[in-house]
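Here is the structure we will look at, set down as structure tokens.
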Amino acid sequence: MSLHSFGQEAKTALEESREIVADLMGAKPNEVIFTSSATESNNLALKGVAFANRKKGNHIIISSIEHSCIMESAKWLEKQGFEITRLNVDKYGLVDPEDVKKAIKKETILVSIIHANNEIGTIEPIEEIGKICKEKGVYFHTDAAQTFGKIPINVNKMNIDLMTVSAHKMYGPKGVAALFVREGVKIEPILHGGGHEMGLRSSTVNVAGIVGFAEACKICKKEMEKESKRLTKLRDKLIKGVLEKISGSHLNGHPQKRLPNNANFWFEGVEGESIVIQLDLLGIAASTGSACSSEKLEPSHVLLAIGLKPEQAHGSLRLSLGRWTKERDIDYVLKVLPKVIDKLRKISPIK
Ligand SMILES: Cc1ncc(COP(=O)(O)O)c(C=O)c1O
């Protein structure tokens with residue numbers, strides 16, 4: 001922000017980066033606010049809109065499969081006197097746009113629905129939900145941390161008013177993200193200070209991180225179409241192979257309406273943690289549906305929301321694909337995973 005030439009050089013890099021990030025989502029550069037994380041963007045969207053529009057109403061709608069930073073922000077807002085509706089999802093994790101329509105009332109100020117869920121990969125009908133919100137005159141926010149750079153997004157076509165995106169989910173650096181805020185949306189900052197980022201996010205900007213974010217956007221723009229086709233093919237081979245080779249295995253999430261890089265299963269009679277440990281020994285990094293909280297092993301709220309019982313959620317495994325995943329990696333997983341499950345079932349106390 002300094003007037004000297006060194007400062008101005010950084011400012012030019014910042015504004016060029018803003019144009020590149022805005023371009024990938026079909027927004028105007030002045031609608032992109034850089035933040036430090038998707039968590040911060042989601043907090044700003046929910047709390048910022050809630051407090052700026054308090055006079056209009058106090059009702060906010062979210063889904064029951066949002067990321068914890070939306071779930072927890074909503075819980076906190078409830079304590080401040082806001083009313084939160086958490087919409088149920090079907091067995092695939094899909095929100096029904098009709099449920100959104102029915103839940104909107106006079107006091108509703110914001111609907112926030114995740115674009116694609118980070119655990120089960122299900123892609124929500126964002127365009128339809130956005131259309132409903134537009135017709136009803138209610139702001140619509142989507143957490144697109146998992147989709148930006150992976151599948152096409154256009155904030156105008158999809159009727160989005162606010163959108164969270166993150167650099168490190170698309171091969172950019174950690175510690176940088178953004179919130180799209182449509183021109184005219186009433187929102188309050190949650191960080192007060194020097195008035196950076198059009199007054200919405202005070203604090204010295206992370207220029208290096210933002211330039212890296214823009215570079216990641218450029219690469220994704222160029223590669224997205226080809227890469228998503230390649231990953232979808234590999235993902236489907238993985239899903240088909242696992243379901244065919246392992247009895248008592250089930251897919252979590254939607255078979256088609258899902259992120260190209262996400263596969264999530266639950267296996268009867270085994271625990272996710274044991275699978276993850278066994279796979280790690282074989283050089284495969286995977287994750288399970290339980291988040292190890294400080295004291296107890298909690299089953300994922302997302303898996304419970306799609307109707308899994310706690311023991312089924314504990315038997316879940318998420319395998320993510322990426323830019324460096326090759327067909328031979330899928331073949332390797334398909335070779336070793338059936339043996340791992342078989343071995344664990346033989347010694348499993350739950351079986
Ligand atoms: C959908 C979604 N939203 C928000 C976040 C939070 O991102 P961060 O931890 O980088 O703030 C994540 C991270 O896993 C995510 O997947």
Side-chain angles (χ1 to χ4, degrees), residues 21 25 33-49 60 62-76 86-87 89 93-95 110-126 129 140-151 153 155 158 160 162-180 190-191 201 203 206 209-210 212-213 216-217 220 231 252-254 257-264 285-293 298 300-303 305-306 316 318-322:
V21 176
M25 56 175 82
I33 307 298
F34 287 113
T35 65
S36 67
S37 65
T39 298
E40 188 192 328
S41 295
N42 280 340
N43 270 263
L44 175 58
L46 253 70
K47 296 173 187 174
V49 168
I60 295 170
I62 62 170
S63 81
S64 50
I65 58 159
E66 298 300 311
H67 188 272
S68 53
C69 53
I70 293 281
M71 301 302 272
E72 293 300 316
S73 296
K75 211 191 273 178
W76 183 83
R86 296 165 180 84
L87 296 176
V89 291
L94 283 169
V95 172
L110 178 68
V111 172
S112 177
I113 306 288
I114 196 164
H115 190 189
N117 182 268
N118 45 303
E119 291 183 47
I120 56 172
T122 300
I123 301 173
E124 301 297 339
I126 288 306
I129 297 172
F140 177 46
H141 167 253
T142 187
D143 174 358
Q146 289 289 337
T147 47
F148 189 54
K150 298 198 188 96
I151 58 174
I153 296 182
V155 288
M158 296 163 103
I160 296 165
L162 301 112
M163 181 170 76
T164 293
V165 296
S166 166
H168 78 86
K169 303 283 187 210
M170 51 188 291
Y171 308 98
K174 288 188 175 71
V176 55
L179 181 68
F180 157 74
I190 51 173
L191 291 185
R201 204 272 177 181
S203 183
N206 171 4
I210 291 167
F213 188 5
C217 287
C220 285
L231 286 178
N252 292 324
H254 198 281
K257 291 176 191 165
R258 72 184 303 134
L259 287 168
N261 62 316
N262 173 292
N264 191 321
S287 50
T288 178
S290 338
C292 196
S293 75
E298 295 280 3
S300 135
H301 69 279
V302 175
L303 297 178
I306 60 169
S316 76
R318 173 165 44 135
L319 293 165
S320 306
L321 293 79

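All residue numbers refer to positions in the sequence shown, counting from 1. In each ligand, atom 1 is the first atom listed, and ligand 1 is the first ligand listed.
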Among all residues two or more places apart in sequence or in another chain, which pass the side-chain contact (heavy atoms from CB on, under 4.5 Å) test with Asn118? His67, Ile114, Gln146
Residues in contact with ligand 1, criterion: heavy atom under 4.0 Å: Ser37, Ala38, Thr39, Asn42, His67, Cys69, Ile114, Asn118, Asp143, Ala145, Gln146, His168, Lys169
Those residues that, when tested against Met158, pass side-chain contact (heavy atoms from CB on, under 4.5 Å) (two or more places apart): His115, Ile126, Glu127, Ile153, Ile160
Can a donor-acceptor pair be found, under 3.5 Å and without considering hydrogens, that links the side chain of His301 to the backbone of Glu66? yes
Answer yes or no: is there a donor N or O on one side and an acceptor on the other, between the side chain of Ser41 and the main chain of Ala178, under 3.5 Å? yes
Considering residues at least two apart in sequence or located in another chain, which fulfil the salt bridge (Lys or Arg N to Asp or Glu O under 4.0 Å) criterion with Arg258? none
Heavy-atom closest pair (Ser316 atom, Thr288 atom, distance to 0.1 Å) is O-OG1, 2.7 Å
